[in-house]
Amino acid sequence: MGSTTSFLRYRVGPRAHRRLLADGLGPQTVAGLLGPASGPKWLALAGLDRAILDSGLLEPSAGRPPVQLLGASAGAWRMLAYATAQPLDALQRLEDGYIGQVFTRRHTARQISDRYRELLRHVAGPCLSTVLDGGAGRDLAIVTSRIRGLRSRPGMAVLLLAAAALHLATPRATDWLFERVLFHSSPQRARRPLGGRLVSLTEDNLLAAVLASGSVPFYLQAVEDLPGAPRGAYIDGGLTDYHVNATTLPDIDGVWLLPHYWHHVVPRWLDKGRRHRDLSSQQAQDVLQIYPTTAFVAGLPDGRLPDREDFKIFADRPQDRMRRWRQVVRRSELLGAELTKDLASGAWCDKLEAW
């Protein structure tokens, strides 16, 4: 990589822009971290995750509440690691365990769910109370989707088809069929999410909520009847909050940091094919998005980000998938190194682009 090559972009909402120009980019301004739904694409952010933690951006700042960690689906799994007392170690456990999973065509959704449940227990470590009581100086918020209706596999297919058809008319259609439930370690510091529920995270429901948030329909099994929450089946939080859904963001005094794997920010899963439903500048008021350039992605194996379908593509060659995904992680260190350099030199300020 030449000395002038840049692989990192910064996009900022209006209010966050004013705040950053006035107070700088540091723990005094970063009040929240967003973990978008991603599937295996999050592996391209591994270097950024390490750089964010090493930089001290999320360290407690005098007179300010704990940093809020808000994630959906695989983003929730990353936020769980961030909430532990040793987040770098936890992220390494998540990375190793995620890449190392091997599924054959014979594995059922139940078996896959059981595998990931054990992985998340390993990521969280033995002391769940540290995650829940803010002992690491960070609050954890997990987005899940509760099914309004039939829990069976055929019933799920009907609901998803109905949601897709209705979503063409209004983005609120998803909320009619799937209820957003936000599990929060400090609900007193979170605004009640529009059109959803707010539930306290406890030792009894923490791992179940995080698993539910990443339980992609038909790949993993829905998580039933979480303790302390309304009865029902809980699935992928990306249905209601795919990358960032502005209606869910709790009010914070500062900037939401969004490390993302591409430029487009999709509010709900069913918005993926509708580019005009990108997050608007008004909705992204307090967001600073950090994401890689197309040139960075072009340099990944096959010129693309990792994908959940890789489990099927390389089902008979899992070692090839693992090798490619580890190459993605190694290349992601370029992003981390650039962020570290930009923070040290102040170059991030010159790179800011208006949302």
Side-chain angles (χ1 to χ4, degrees), residues 37-43 71-81 93-125 128 142-163 177-181 183 199 201-242 269 306-318 321-322 325:
S38 62
K41 294 179 179 68
W42 72 269
L43 294 169
S73 200
W77 297 9
R78 289 171 54 228
M79 295 305 101
L80 171 64
R93 293 195 296 271
L94 177 61
E95 178 187 309
D96 292 340
Y98 192 92
I99 292 175
Q101 295 295 325
V102 176
F103 301 118
T104 69
R105 295 177 178 86
R106 294 187 298 274
H107 277 89
T108 66
R110 178 188 292 274
Q111 290 172 324
I112 295 172
S113 291
D114 288 344
R115 288 275 194 88
Y116 281 126
R117 183 180 292 107
E118 288 305 310
L119 171 58
L120 293 172
R121 183 175 290 110
H122 183 54
V123 170
L128 296 183
I142 302 298
V143 183
T144 66
S145 302
R146 188 174 73 95
I147 301 172
R148 300 183 191 267
L150 300 174
R151 306 186 190 186
S152 66
R153 189 180 181 91
M156 174 74 71
V158 170
L159 285 176
L160 287 172
L161 287 172
L177 301 175
F178 302 95
E179 181 185 30
R180 177 193 297 114
V181 181
F183 290 81
V199 174
L201 271 175
T202 66
E203 291 195 35
D204 291 332
N205 65 27
L206 171 61
L207 294 179
V210 178
L211 176 65
S213 187
S215 292
V216 180
F218 310 119
Y219 284 89
L220 277 76
Q221 192 175 46
V223 180
E224 302 275 349
D225 302 333
L226 276 71
R231 289 182 60 82
Y234 290 77
I235 56 173
D236 194 346
L239 276 170
T240 57
D241 301 77
Y242 189 56
W269 183 74
D307 190 87
R308 189 179 296 108
E309 288 299 302
D310 290 349
F311 280 114
K312 295 181 179 179
I313 294 171
F314 298 100
D316 298 323
R317 296 176 291 135
R321 173 186 55 78
M322 294 181 199
W325 284 10

Backbone N or O of [Y] within a donor-acceptor pair of the [X] side chain at under 3.5 Å?
{"X": "Ser213", "Y": "Ser73", "result": "yes"}
{"X": "Ser145", "Y": "Phe178", "result": "no"}
{"X": "Asn205", "Y": "Thr202", "result": "yes"}

NZ or CZ of Arg308 within 45° of Tyr219 ring axis and under 6.0 Å: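 Yes - Arg308 lies over the ring of Tyr219, closer than 6.0 Å to its centre and within 45° of its axis.
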Rounded to the nearest 0.5 Å, how far does [atom2] of [Y] lie from [atom1] of [X]?
{"X": "Leu128", "Y": "Arg121", "atom1": "CG", "atom2": "CZ", "result": "9.0 Å"}
{"X": "Arg93", "Y": "His122", "atom1": "CZ", "atom2": "NE2", "result": "5.5 Å"}
{"X": "Arg110", "Y": "Asp114", "atom1": "CZ", "atom2": "CG", "result": "7.0 Å"}
{"X": "Gln101", "Y": "Met322", "atom1": "CD", "atom2": "CE", "result": "8.5 Å"}

Taking the six-membered ring for Trp, are Tyr98 and Trp325 parallel (under 30°), tilted (30 to 60°) or perpendicular (over 60°)?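 Ring orientation of Tyr98 relative to Trp325: parallel.
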Side chains of [X] and [Y], heavy atoms from C-beta outward: is any pair under 4.5 Å?
{"X": "Leu207", "Y": "Arg117", "value": "no"}
{"X": "Ile235", "Y": "Thr144", "value": "no"}
{"X": "Ile112", "Y": "Thr108", "value": "no"}

May I have the step-by-step check of side chain to side chain donor-acceptor pair (under 3.5 Å) for Asp236 and Ser215, ending in yes or no? CA-CA 5 Å; Asp236 194 346; Ser215 292; over 6 Å; no
Which heavy-atom pair separates Asp225 from Arg231 by the least distance, and what is that distance?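 Residues Asp225 and Arg231, closest heavy atoms: OD2-NH2, 3.3 Å.
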Listed partners of His107 passing ring pair (Phe, Tyr, Trp, His ring centres under 6.0 Å), at least two apart: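 Checked His107 against ring pair (Phe, Tyr, Trp, His ring centres under 6.0 Å); matches are Phe103.
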Salt bridge Arg321-Asp316, side-chain N to carboxylate O under 4.0 Å: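 So Arg321 does not pair with Asp316 through a salt bridge.
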